Amino acid sequence: MGETWSQIGSWIATIMFLWAMFDNYFPDHLRSFILSYSMKLASFVYPYINITFNEFIGDSDEYMDLKRSDAYAAIETYLSGKSSREARNLKAVVVKDSSQPVQLSLDENEGVTDEFKGVKLSWTVKKNTTRTQSFSIFPEIDEKKYYKLTFHKSHRDLVCGAYINHVMQKGKEITVSNRQRKLYTNNPSKNWERYKARKWSHVTFEHPATFDTLAMESKKKLEIVNDLEKFSKGKEYYTKIGKAWKRGYLLYGPPGTGKSSMIAAMANHLEYDIYDLELTTVKDNTELRRLLIETTGKSIIVIEDIDCSLDLTGQRKKEKKKAEDEEAKDPISKMTKGEEDSNSKVTLSGLLNFIDGLWSAIGGERIIVFTTNYVEKLDPALIRRGRMDKHIELSYCGFEAFKVLAKNYLDVDSHPFFVTIGHLLEETNITPADVAENLMPKSLNEDAEACLKKLIEAIKTAKEEATKKAEEEARLKAEKEEKEKQEDVKVDGCLAKVKENCVGVLVKDDEALAKEVKDNGVTA
Ligand SMILES: Nc1ncnc2c1ncn2[C@@H]1O[C@H](COP(=O)(O)OP(=O)(O)OP(=O)(O)O)[C@@H](O)[C@H]1O
Ligand SMILES: [Mg+2]
């Protein structure tokens, strides 16, 4: 044993001596010559290239700076399917916000093979373990995991370029399709500075609406679906035309015509998250921009009832005044509300900047949706094309929309009652929400026919009510006109009297005098 050790010792000493001689006495050009030949010899004996992808990147001395590498995560996801089929030692990882409860990945020292354009490659998971210097009796063990990609040197260009890109892209795509989508809402800014506070809170987005369940004309529906798909696949196109990759939709129509349902259908179709922006809690334009920066790509930013959210139409002023009146009556509610109802100073120009300013281009594909019940009240600058690229009107229920609802709610494609319903719908304004409510069976023994009958009655009632309302409105209008006519006659009479009494002193023209008489009576 002692002999072996002394032999190893003498070998090491000899190698070190030769290395020192080589380093000190060989001329530079001879040294690089020998080194290059020895590399060639090594590559002849082992013609493979290894690339490592570390799990954590950043400054390892500064623990806080370490960040899980996106590339590592993408590789793990990319290999997950292969690993579960081929590898013998697997590890189950719980992935946050994923629709799959666990993801299987390779355990240490396990490997799988992959093939790309006829080239074979192998992936293995390795671990470096080092003991960190510490004064504890239990030295801390620092483990660094990494993926090692091995391939033949003749495929260097293909692997370093196209293959690695392919892995990253596929890995991200799988992550996106597995992820649970989220519905975000903005937190009031007074909470932003708290420990771990976030600008957006989220829940899992689970709205079941799809374009199949949406009741509207099929032609219009197809047009919207095509528009969305063209947008979501249009990265290169948007780059080519020099436009930020985003699109604005304005959804308008009476309450209950499916504006919110359409937003849910859009998100489900594109697999996007939704950011539901409550503008009234945003203090000013700077806060609006900060919220925008924190949104991610592949998302729909929604501002519902835009006419009520901003002081563009005078709506908010009215609401504020009403709130102030209520507070005056109930001072306790004012105290409990605290600062929450502080005034928002978001302006039209701030909102326009949010939609298409320089900041709006950050973070990838994004859709912005505004909804309103009163499109005519909106400032034209806000909804011009380029900002709100597509204006979609959601209107009262037509026959085609009814058929979609009948199929969804009752599983009925045709029925003798359909003809009556079709005629009634042509003559009556009834929202899809009301139609849907009537089509929904309310007890176990209510069948499709009973529901359709119920709907016919409801449309008839709506029609009668609408006729009554129209008649009442016509009566009020006629009354108003009659009153105005009478007032005009009275004014003309007074005017004649004034003119008669003031002949020669009349200084005002007829119109001004008439106005004064109208406002103040004959005394004027
Ligand atoms: N076009 C539609 N297709 C299918 N269902 C609809 C449609 N319109 C309304 N509904 C039904 O009516 C309900 C209310 O619709 P939704 O909330 O989408 O209306 P809205 O236009 O957003 O109304 P508001 O202007 O009051 O916000 C939905 O839950 C849905 O079941
Ligand atoms: Mg709505």
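Counting convention: from 1, in listed order, for ligands and their atoms alike. Remember, it's a predicted structure, so these values are computed and weren't measured experimentally. What's counted below: heavy atoms across the whole structure, side chains too, no hydrogens, waters or symmetry copies.
Every atom of ligand 1 is numbered from 1 in the order shown, and the set under 4.0 Å from a heavy atom of Y409 is 31 (O). Atoms of ligand 1 lying under 4.0 Å from at least one heavy atom of L214, given by number and element, are 3 (N).
Remark: minimum distance from atom 7 (C) of ligand 1 to any protein heavy atom is reached at P432 CB, 3.5 Å. Looking from atom 28 (C) of ligand 1 to the surrounding protein, the closest heavy atom is S261 OG, 3.7 Å. The protein atom (non-hydrogen) at minimum distance from atom 27 (O) of ligand 1 is S260 OG, 4.0 Å. K259 NZ, 2.9 Å is the protein heavy atom nearest to atom 25 (O) of ligand 1. At the top of the distance list for atom 14 (C) of ligand 1, counting protein heavy atoms only, stands A433 CB, 4.2 Å. Shortest contact from atom 19 (O) of ligand 1 to any protein heavy atom: G258 N, 3.4 Å. Among protein heavy atoms, atom 1 (N) of ligand 1 sits closest to A215 O, 3.0 Å.
With a 6.0 Å cutoff to the six-membered ring centre and a 45° limit on the axis angle, K259 does not count as a cation-pi contact of F370.
For the Mg ion (ligand 2), protein N/O/S neighbours under 2.8 Å (waters excluded) are S260 OG.
A tilted orientation is assigned to the rings of H415 and F417, their planes being inclined by 30° to 60°. Note: F231 and W245 have tilted aromatic rings, judged against thresholds of 30 and 60 degrees for the angle between ring planes.
The shell of residues lying under 4.0 angstrom from ligand 1, judged by heavy atoms, excludes Y252. Residue contacts with ligand 1 leave out L394, since none of its heavy atoms falls under 4.0 Å from the ligand. Within the structure, the closest approach of L405 to ligand 1 falls below 4.0 Å when heavy atoms are considered.
Salt bridge K454/E446: present, at least one basic N to carboxylate O contact under 4.0 Å. The pair R387-D356 counts as a salt bridge, with a side-chain nitrogen and a carboxylate oxygen less than 4.0 angstrom apart. Between K463 and E427 there is a salt bridge, since at least one side-chain N of the basic residue sits less than 4.0 Å from a carboxylate O of the acidic one. Taking a cutoff of 4.0 Å between a charged side-chain nitrogen and a carboxylate oxygen, K345 and E287 do not qualify as a salt bridge. A salt bridge links E472 and R475; the closest N-O separation between the charged side-chain nitrogens and carboxylate oxygens is under 4.0 Å.
The closest donor-acceptor contact from the side chain of K199 to the backbone of E294 lies at 3.5 Å or more, if one exists at all.
Separating the CD1 atom in I75 from the OG atom in S105 is a distance of 12.0 Å, to the nearest 0.5 Å.
Only the side chain of N373 comes within 4.0 Å of ligand 1, judged by heavy-atom distances.
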- Message: Run the salt bridge (charged side-chain N to carboxylate O under 4.0 Å, His left out) test on E487 and K490 for me, step by step, so that the C-alpha distance in whole Å, both residues' side-chain angles and the decisive distance to 0.1 Å come before the verdict.
- Response: CA-CA 5 Å; E487 265 181 18; K490 219 158 105 191; over 6 Å; no
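Checked options W123, Y147, Y78; the residue passing with F53 is W123 (criterion: ring-ring contact (aromatic ring centres under 6.0 Å, His included)).
With distances taken over non-hydrogen atoms, the option nearest atom 9 (C) of ligand 1 out of P255, G253, G256 is G256.
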Using atom types as modelled, flag every donor-acceptor pair under 3.5 Å from a side chain in residues 393-405 to any protein atom, sequence neighbours excluded.
residue : atom : partner : partner atom : Å
E400    : OE2  : S218    : N            : 2.9
E400    : OE2  : S218    : OG           : 2.6

